[in-house]
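Starting off with a structure, shown below.
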Amino acid sequence: MRKTAFFAMFAGILLPSFSLPSGVGKVHLGMNVDGVKDALLGDGQFGYRGDRDVSISPLDHEAVIETDPTRSAAFSFFERCWFQFSDGNLSVITLNLDSEKIDHYSVFSTLCEKYGNPAEISPKKSVWQDGSVILSLEKPLTLKYVDARVFNEKKEASHTEKTTSEKARDEFLKGL
């Protein structure tokens with residue numbers, strides 16, 4: 001009992017308590033379409049041009065806003081941005097960063113400094129999670145903010161069976 005209490009206290013001192021950001025600038029997960037449009041119009045770094053940047057996803061009939069900051073006169077670290085909605089609320093923010101203005105290591109080290117080591121890391125991506133937000137840095141240089149609740153609901157609802165290659169991979173890994 002004493003060892004458990006000591007370990008919990010010690011771990012609490014060493015492990016930072018943090019919550020991940022739910023977005024960038026004034027654009028945050030959970031906002032409705034009109035709120036996101038207004039926030040994007042007020043922030044030149046996203047290159048939002050109005051309703052012509054909004055489309056409807058053919059798969060789920062939800063709005064998707066795609067912006068091209070390279071067309072705007074404002075300085076931006078973004079090359080392309082996507083804002084995906086689920087049930088009328090922003091559920092995924094995908095930001096392709098401009099590799100001529102910022103590098104992967106700088107973004108990765110800053111995220112580690114602010115939020116600790118990633119929960120998952122692979123050659124393709126690093127992922128931080130806090131229960132409500134999934135933040136991933138993917139190669140070559142994409143930053144994603146995902147609403148964890150919406151993601152988990154969609155994952156549960158999909159009930160897709162694993163492919164033969166996925167099953168073979170799992171069996172291979174079990175044998176290691």
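Just so it is clear, the values below take in all heavy atoms, side chains as well, and ignore hydrogens, waters and symmetry mates. If you're wondering where the values come from, they're calculated on a predicted model, not measured in any experiment.
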When the ring planes of Phe108 and His104 are compared, do they come out parallel, tilted or perpendicular, using 30° and 60° as the limits?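 Because their plane-to-plane angle is under 30°, the rings of Phe108 and His104 count as parallel.
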Looking at Cys81 and Phe78, what are the two nearest heavy atoms and their distance?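 Here Cys81 and Phe78 meet closest at SG-CB, 3.7 Å.
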Nearest 0.5 Å please: distance from the CD1 atom of Ile134 over to the CG atom of Asn152.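 Taking CD1 in Ile134 and CG in Asn152, the distance rounds to 6.0 Å.
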Test side chain to side chain contact (heavy atoms under 4.5 Å, CB included) applied to Asn96 and Trp82, step by step: CA-CA 9 Å; Asn96 281 359; Trp82 292 269; 3.5 Å; yes
Please check this pair: side chain of Ser122 against backbone of Lys124, looking for a donor-acceptor N/O pair closer than 3.5 Å.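 Judged by distance alone, yes, a pair lies under 3.5 Å.
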Run the salt-bridge test on Asp51 and Lys37 with the 4.0 Å N-O cut-off and return the result as yes or no.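 Lys37 and Asp51: salt-bridged.
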Main-chain N/O of Ala39 paired to Asp43 side chain as donor or acceptor, under 3.5 Å: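 Not confirmed, Asp43 side chain does not pair with Ala39 backbone.
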Looking at Tyr145 and Leu29, what are the two nearest heavy atoms and their distance?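 Scanning both residues completely, I find the closest heavy atoms to be O-CD2, 3.7 Å.
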If you apply the rule side chain to side chain contact (heavy atoms under 4.5 Å, CB included), what do you find for Thr110 with Tyr115, and how did you get there? CA-CA 8 Å; Thr110 298; Tyr115 309 116; over 6 Å; no
Please identify which of these residues, Leu95, Ile102, Asp103, meets the side-chain contact (heavy atoms from CB on, under 4.5 Å) condition with Leu141.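 For Leu141, the side-chain contact (heavy atoms from CB on, under 4.5 Å) check succeeds only for Ile102.
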I'd like to know whether Ser19 forms a side-chain hydrogen bond (donor to acceptor under 3.5 Å, both in side chains) with Asp130, so could you lay out the CA-CA distance, the side-chain angles of the two residues, the decisive distance to 0.1 Å, and finally the verdict. CA-CA 6 Å; Ser19 67; Asp130 71 357; 4.8 Å; no
Hydrophobic cluster membership, with links at side-chain heavy-atom distances under 4.5 Å among I/L/V/M/F/W/Y: are Val146 and Ile121 in one?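 Val146 does not cluster with Ile121.
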Give me the atom names and distance for the closest heavy-atom approach of Ser86 to Lys154.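 Scanning both residues completely, I find the closest heavy atoms to be OG-CE, 3.3 Å.
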Point-to-point distance, once rounded to the nearest 0.5 Å, from CG of Asn89 to CD of Glu62: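 Those atoms lie 8.5 Å apart.
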Should Leu41 and Phe46 be counted in the same cluster of Ile, Leu, Val, Met, Phe, Trp and Tyr side chains packed under 4.5 Å apart?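 Yes, same cluster.
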Salt-bridge test for Arg80 and Glu66: reply yes if a basic N is under 4.0 Å from a carboxylate O, no otherwise.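 Salt bridge between Arg80 and Glu66, a charged N being under 4.0 Å from a carboxylate O: yes.
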Can you tell me how far the CZ atom of Phe151 sits from the CD atom of Gln129, to the nearest 0.5 Å?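 One gets 8.0 Å once the value is rounded to the nearest 0.5 Å.
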Answer yes or no: is there a side-chain heavy-atom contact under 4.5 Å between Ile65 and Thr67?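 Sidechains of Thr67 and Ile65: in contact.
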Side chains of Gln45 and Val24: closer than 4.5 Å at any heavy-atom pair?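 Heavy-atom side-chain distance check passes, below 4.5 Å.
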I need the Cys112 SG to Tyr105 OH distance, nearest 0.5 Å.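 Answer for the SG-OH pair, Cys112 versus Tyr105, is 8.5 Å.
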Taking all heavy atoms of Thr70 and all of Glu79, pick out the closest pair and write down the distance.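 Minimum heavy-atom separation between Thr70 and Glu79: CG2-O, 3.8 Å.
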So does Arg49 have more than 12 non-hydrogen atoms from other groups sitting under 6.0 Å from CZ?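 Above 12, so yes.
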Rounded to the nearest 0.5 Å, how far does NZ of Lys139 lie from OG1 of Thr142?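 So the OG1 of Thr142 and the NZ of Lys139 are separated by 12.0 Å.
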Any salt bridge between Arg71 and Asp68, counting N to O under 4.0 Å?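 Between Asp68 and Arg71 there is a salt bridge, with a charged N closer than 4.0 Å to a carboxylate O.
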Side chain proximity check, Ile93 to Val27, heavy atoms < 4.5 angstrom: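 With C-beta onward as the side chain, the pair touches.
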Using the rule given for side chain to side chain contact (heavy atoms under 4.5 Å, CB included), can you reason through Leu111 versus Leu137, listing the C-alpha separation, both sets of side-chain angles and the distance that settles it, and then say yes or no? CA-CA 9 Å; Leu111 293 174; Leu137 175 61; 4.2 Å; yes
Do Val127 and Ser136 have side chains that get closer than 4.5 Å, going by heavy atoms?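 Yes, at least one pair of side-chain atoms sits under 4.5 Å.
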When you look at Val92 and Asp147, which way does the side chain to side chain contact (heavy atoms under 4.5 Å, CB included) test go after all the steps? CA-CA 6 Å; Val92 180; Asp147 184 314; over 6 Å; no
Would you call Lys174 and Glu171 a salt bridge, using N to O less than 4.0 angstrom?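 Yes, Lys174 and Glu171 are salt-bridged.
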Can you tell if the side chain of Lys144 reaches within under 4.5 Å of the side chain of Lys125, non-hydrogen atoms only?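 No; the side chains remain at least 4.5 Å from each other.
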Nearest heavy-atom pair of Val133 and Leu20: which atoms, and what distance?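 That would be O-CD1, 3.5 Å.
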Which pair of heavy atoms, one from Leu90 and one from Phe85, lies closest together, and at what distance?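 In terms of heavy atoms, the two residues are closest at N-CD2, 3.3 Å.
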Under 4.5 Å between side-chain heavy atoms, counting indirect links through other Ile/Leu/Val/Met/Phe/Trp/Tyr residues: same cluster for Met31 and Val54 or not?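 Yes, Met31 and Val54 fall within the same hydrophobic cluster.
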Are the side chain of Lys101 and the backbone of Ser76 linked by a donor-acceptor contact shorter than 3.5 Å?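 A pair under 3.5 Å: yes.
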